[in-house]
Amino acid sequence: MSLPVRVRFAPSPTGYLHIGGARTALFNWLFARHHGGTFVLRIEDTDTARNSQAAIDVILQGMRWLGLDWDEGPATPDPDGPSRGDRGPYFQSRRGEWYRRRIAELRDRGLAYDRDGAVYFRMTREAVTIPDMIVGDVRRELTDREQADPDWVLVRSDGQPVFHLVNVVDDLEMGITHVIRGEDHLSNTAKHIALFRAFGVEPPRYAHIPLILNPDGSKMSKRDKGAVVTNYIEDGYAPEAVVNYLSLLGWSPADGKELLSVAELVGRFDLDRVNRSPARFDEKKLAALHFEHARAMEPGRFVEVGREYLARAGVLTGGHDPAYGAAALMTAREKGLLFRELAAFVGFYFKADEEMEVPAEVQAKALGALQRQHLGVLRSAYERLDASGFTAAALEAELKRVAGELGVKAGALTQPARAACTGSLVGPSLYHLMEVLGPGRVRSRMGRWAAGDGVDGGKPT
RNA sequence: GGCGCGUUCGUCUAUCGGCUAGGACAUAGCCCUCUCAAGGCUGAAAGACGGGUUCGAUUCCCGUACGCGCUACCA
């Protein structure tokens with residue numbers, strides 16, 4: 001590993017970024033970052049009919065969301081747009097000249113020939129040994145078909161070069177030193193090695209990583225749950241959690257630590273600890289890692305991301321003091337929710353008091369006649385707290401004092417209070433939520449339901 | 001069919017011949033508790049099968065079974 005490391009991720013723009021592809025990209029990226037190498041993104045936009053700029057953008061967005069920045073590659077989805085790096089073009093559709101030149105080279109040297117309008121490669125007739133950094137030396141014997149005719153198509157009769165050719169030429173021209181890719185390419189690697197040799201160069205080092213399977217062991221396709229990166233963005237997973245989870249599929253750190261930041265992953269990741277067996281996708285474990293990462297998020301970022309997802313869900317926070325919004329969001333940080341679930345959990349903070357709705361089943365459980373009387377007593381007690389005393393600790397102490405006076409358990413007061421303040425029976429810590437809401441909102445919301453406190457009469461509207 | 005890769009708790013994994021087989025998620029019970037979570041404690045749970053090699057195999061070799069991949073003028 002004396003040469004500077006150059007690795008690449010070469011997705012085909014199919015309209016989505018597959019989770020397996022994301023994991024391949026991640027392993028390449030981690031390897032590059034760990035070794036101080038270069039990570040190249042190149043787009044294999046061969047199928048012009050299917051590859052729109054929108055499809056390319058899905059990949060770029062997914063990569064950016066995961067934090068997998070590329071040192072060389074396109075800056076925009078436009079194949080003719082700007083890019084970084086001097087080994088481009090980074091779109092296959094703009095590399096036709098490379099392939100033409102290489103095909104001519106092979107033909108001149110008698111290693112390729114025409115048959116039925118296509119160009120064929122004169123493949124070696126012997127078994128090929130594939131040295132793999134993960135699987136070890138793999139000796140690939142010829143299959144029965146290859147025994148009959150080992151040659152294979154380089155350029156189709158319509159003039160399009162096939163994957164094996166473009167892949168090898170691209171890696172060669174771009175100076176790729178390590179090819180880290182899915183194990184589904186292992187068998188094909190014999191062809192690639194033969195091609196590199198035909199061009200008179202040593203092939204790069206190969207590392208075939210095990211595939212990601214569905215929970216039932218079948219191969220993941222784009223229709224399978226959890227297969228598409230865009231879904232994780234929409235569901236509101238923390239990207240660092242997705243990265244952490246994917247890193248653990250087929251790899252594990254020597255110290256056994258599982259909850260790892262991106263920086264920790266970069267420090268620990270290497271190919272020698274990648275295992276050889278396929279892994280099944282487990283959404284529960286991903287979710288567990290998300291909760292850990294969300295909890296560990298720096299508050300400012302948690303609030304920023306939270307706001308974004310609230311906005312997506314139509315919860316408007318703009319009319320409120322930013323500090324209020326931040327405090328509101330922070331009461332949900334410990335709750336282990338996906339960002340998408342935040343809107344339902346903290347939406348009540350941002351509703352006007354008059355717009356608060358309490359569903360019938362919540363009323364039935366928490367706002368019966370007796371409970372509303374209790375609520376009235378509690379509300380009166382809270383009236384007596386001055387504004388600076390409206391803290392979670394004081395609200396809790398006062399509620400418990402009132403409960404003692406009434407001879408009921410705390411729960412007899414907390415649930416009516418929660419229902420009146422939030423319209424729900426589940427939510428953030430009641431005392432903290434009331435502190436954030438503040439005396440005005442708490443009094444008003446409780447007032448709509450409180451009975452017998454002599455203040456508002458307590459008749460709901 | 002041929003070629004290749006794989007096989008440790010339900011799942012992800014640790015183990016580089018000595019293991020009472022460890023951890024995490026999930027799961028069961030208990031504790032804590034204002035709801036939901038979280039947290040704490042405890043528990044159940046694994047080496048596909050059969051042969052070798054070895055004083056000793058989860059670890060090495062062979063076979064079988066099963067799973068997956070490749071076998072295209074798809075990528």
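Convention: sequence-line order gives letters A, B, ...; per-chain numbering from 1. All values below come from the heavy atoms of this structure, side chains included, with hydrogens, waters and symmetry mates left out. Keep in mind that this is a model prediction, so the values were computed, not measured.
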Undergrad: Does any nucleotide pair with U59(B) by Watson-Crick or G-U wobble geometry, both distances under 3.5 Å, and what is it?
TA: none
Undergrad: Going by purine N1 to pyrimidine N3 plus the second Watson-Crick contact, or the G-U wobble pair, all under 3.5 Å, which nucleotide sits opposite C30(B)?
TA: G40(B)
Undergrad: Mind checking what makes salt bridge (charged side-chain N to carboxylate O under 4.0 Å, His left out) contact with Lys400(A), not counting sequence neighbours?
TA: Glu396(A)
Undergrad: Name the nucleic acid region contacted by Gly117(A), choosing base, sugar-phosphate or nothing; use a 4.0 angstrom heavy-atom cut-off, strictly under.
TA: nothing
Undergrad: In whole Å, I'd like the distance from the CG atom of Leu425(A) to the P atom of A37(B).
TA: 13 Å
Undergrad: At under 4.0 Å between heavy atoms, which parts of nucleotides 18-27 of chain B does protein reach? Answer with one letter per nucleotide, 5' to 3': B base, S sugar-phosphate only, - none.
TA: -----BBS--
Undergrad: Who are the side-chain hydrogen bond (donor to acceptor under 3.5 Å, both in side chains) partners of Ser261(A), not counting sequence neighbours?
TA: Glu264(A)
Undergrad: When the distance from CG of Leu165(A) to P of C73(B) is rounded to whole Å, what number comes out?
TA: 14 Å
Undergrad: Any ring-ring contact (aromatic ring centres under 6.0 Å, His included) pairs touching residues 400-437 of chain A, not counting sequence neighbours?
TA: none
Undergrad: Heavy atoms only, 4.0 Å cut-off, all strands: where does Leu249(A) land among base, sugar-phosphate and nothing?
TA: sugar-phosphate
Undergrad: So that I can tick it off, tell me whether Glu298(A) and Arg301(A) are bridged by a salt bridge, with the cut-off set at under 4.0 angstrom between side-chain N and carboxylate O.
TA: no
Undergrad: Mind checking the C1' distance from C68(B) to U53(B)? Whole angstroms is fine.
TA: 30 Å
Undergrad: Would the distance check show the side chain of Thr189(A) and the main-chain N or O of Leu186(A) forming a donor-acceptor pair, the cut-off being under 3.5 Å?
TA: yes
Undergrad: Would you kindly give the CG-to-P distance between Asn275(A) and C5(B), to the nearest whole Å?
TA: 16 Å
Undergrad: May I have the list of side-chain donor-acceptor pairs in residues 159-166 of chain A shorter than 3.5 Å, sequence neighbours left out?
TA:
from	atom 1	to	atom 2	distance (Å)
His164(A)	ND1	His192(A)	NE2	2.9

Undergrad: Assign Ser277(A) to base, sugar-phosphate, or nothing according to its heavy-atom contacts below 4.0 angstrom with the strands shown.
TA: sugar-phosphate
Undergrad: Both distances under 3.5 Å, Watson-Crick or G-U wobble: report the partner of U53(B), or none.
TA: none
Undergrad: Using a heavy-atom cut-off of 4.0 Å across all strands, would you classify Ala118(A) as base, sugar-phosphate, or nothing?
TA: base
Undergrad: Quote, to the nearest angstrom, the C1' distance that separates A75(B) from C19(B).
TA: 46 Å
Undergrad: Under 3.5 Å between N/O atoms: give me all the protein pairs with nucleotides 66-72 of chain B, atom names plus distance.
TA:
from	atom 1	to	atom 2	distance (Å)
G69(B)	O2'	Asp184(A)	O	3.2
G69(B)	N2	Ser187(A)	OG	3.0
C70(B)	O2'	Asn188(A)	ND2	3.3
A72(B)	OP1	Arg145(A)	NH1	3.2
A72(B)	OP2	Arg145(A)	NH1	2.6

Undergrad: With rounding to whole Å, what would you report as the distance between U42(B) and A57(B) at their P atoms?
TA: 34 Å
Undergrad: Arg273(A) side chain N/O closer than 4.0 Å to the phosphate oxygens (OP1, OP2) of U15(B)?
TA: yes
Undergrad: List in chain and number order the residues that pass side chain to side chain contact (heavy atoms under 4.5 Å, CB included) with Asp116(A), two or more places apart in sequence or in another chain; answer none if no residue qualifies.
TA: none
Undergrad: Any side-chain to backbone donor/acceptor pair from Asp45(A) onto Phe91(A)? Under 3.5 Å, distance only.
TA: no
Undergrad: For U15(B) and C74(B), measure between their C1' atoms and round to the nearest Å.
TA: 41 Å
Undergrad: Extract from the structure each pairing of a protein N or O with an N or O of nucleotides 32-34 of chain B at less than 3.5 Å, listing the distance.
TA:
from	atom 1	to	atom 2	distance (Å)
C34(B)	OP1	Lys400(A)	NZ	3.1
C34(B)	O2'	Thr414(A)	OG1	3.2
C34(B)	O2	Arg418(A)	NH2	2.8
C34(B)	O2	Leu430(A)	N	3.4
C34(B)	N3	Leu430(A)	N	3.3
C34(B)	N4	Ser429(A)	OG	2.8

Undergrad: If you measure from the P atom in G63(B) to the same atom in A28(B), how many Å do you get, rounded?
TA: 44 Å
Undergrad: Would you please indicate if the ring centroids of Phe339(A) and Phe345(A) are separated by under 6.0 Å?
TA: no
Undergrad: Is there a side-chain contact between Trp70(A) and Leu60(A), using heavy atoms and a 4.5 Å cut-off?
TA: yes
Undergrad: Distance check, C1' atoms only: U58(B) and U7(B), in whole angstrom units.
TA: 12 Å
Undergrad: Does C3(B) have a Watson-Crick or wobble partner in any strand here, with both distances under 3.5 angstrom, and which is it?
TA: G69(B)
Undergrad: Send over the distance from Asp272(A) CG to C16(B) P, rounded to a whole Å.
TA: 15 Å
Undergrad: Could you work out the separation of C3(B) and U64(B) based on their P atoms and round it to a whole Å?
TA: 12 Å
Undergrad: Val138(A) has a side chain; which of G4(B), A14(B), A75(B) sits nearest to it?
TA: G4(B)
Undergrad: Do any side-chain nitrogens or oxygens of Asn167(A) fall under 4.0 Å of OP1 or OP2 in A75(B)?
TA: no
Undergrad: Looking at Glu341(A) and Lys335(A), is there a salt bridge between them, counting it only when a charged N and a carboxylate O are closer than 4.0 Å?
TA: no
Undergrad: Could you list the residues that satisfy salt bridge (charged side-chain N to carboxylate O under 4.0 Å, His left out) with Asp149(A), not counting sequence neighbours?
TA: Arg115(A)
Undergrad: Check this for me: does any side-chain nitrogen of one of Glu146(A) and Lys191(A) sit under 4.0 Å from a carboxylate oxygen of the other?
TA: no
Undergrad: Looking at U11(B), which nucleotide sits across from it as a Watson-Crick or G-U wobble partner, both distances under 3.5 angstrom, or is there none?
TA: A24(B)
Undergrad: Would you tabulate the pairs of protein nitrogen or oxygen atoms and nucleotide nitrogen or oxygen atoms of nucleotides 40-50 of chain B closer than 3.5 angstrom?
TA:
none

Undergrad: Measuring only the P atom in each nucleotide, how far is G47(B) from A21(B)? A whole number of Å is fine.
TA: 11 Å
Undergrad: From NE2 of His293(A) over to C1' of A38(B), roughly how many Å is that when rounded to an integer?
TA: 17 Å
Undergrad: Taking the side chain from Arg273(A) and the backbone from Ser252(A), do they hold a donor-acceptor pair closer than 3.5 Å?
TA: yes
Undergrad: Does the structure show a Watson-Crick or G-U wobble partner for A48(B), both distances under 3.5 Å? Name it, or say none.
TA: U64(B)
Undergrad: Once side chain to side chain contact (heavy atoms under 4.5 Å, CB included) is applied, do any residues pair with Glu283(A), and if so which ones, sequence neighbours excluded?
TA: Lys225(A), Tyr237(A), Phe281(A)
Undergrad: If the condition is ring-ring contact (aromatic ring centres under 6.0 Å, His included), which residues does Phe121(A) pass it with, not counting sequence neighbours?
TA: Trp152(A)
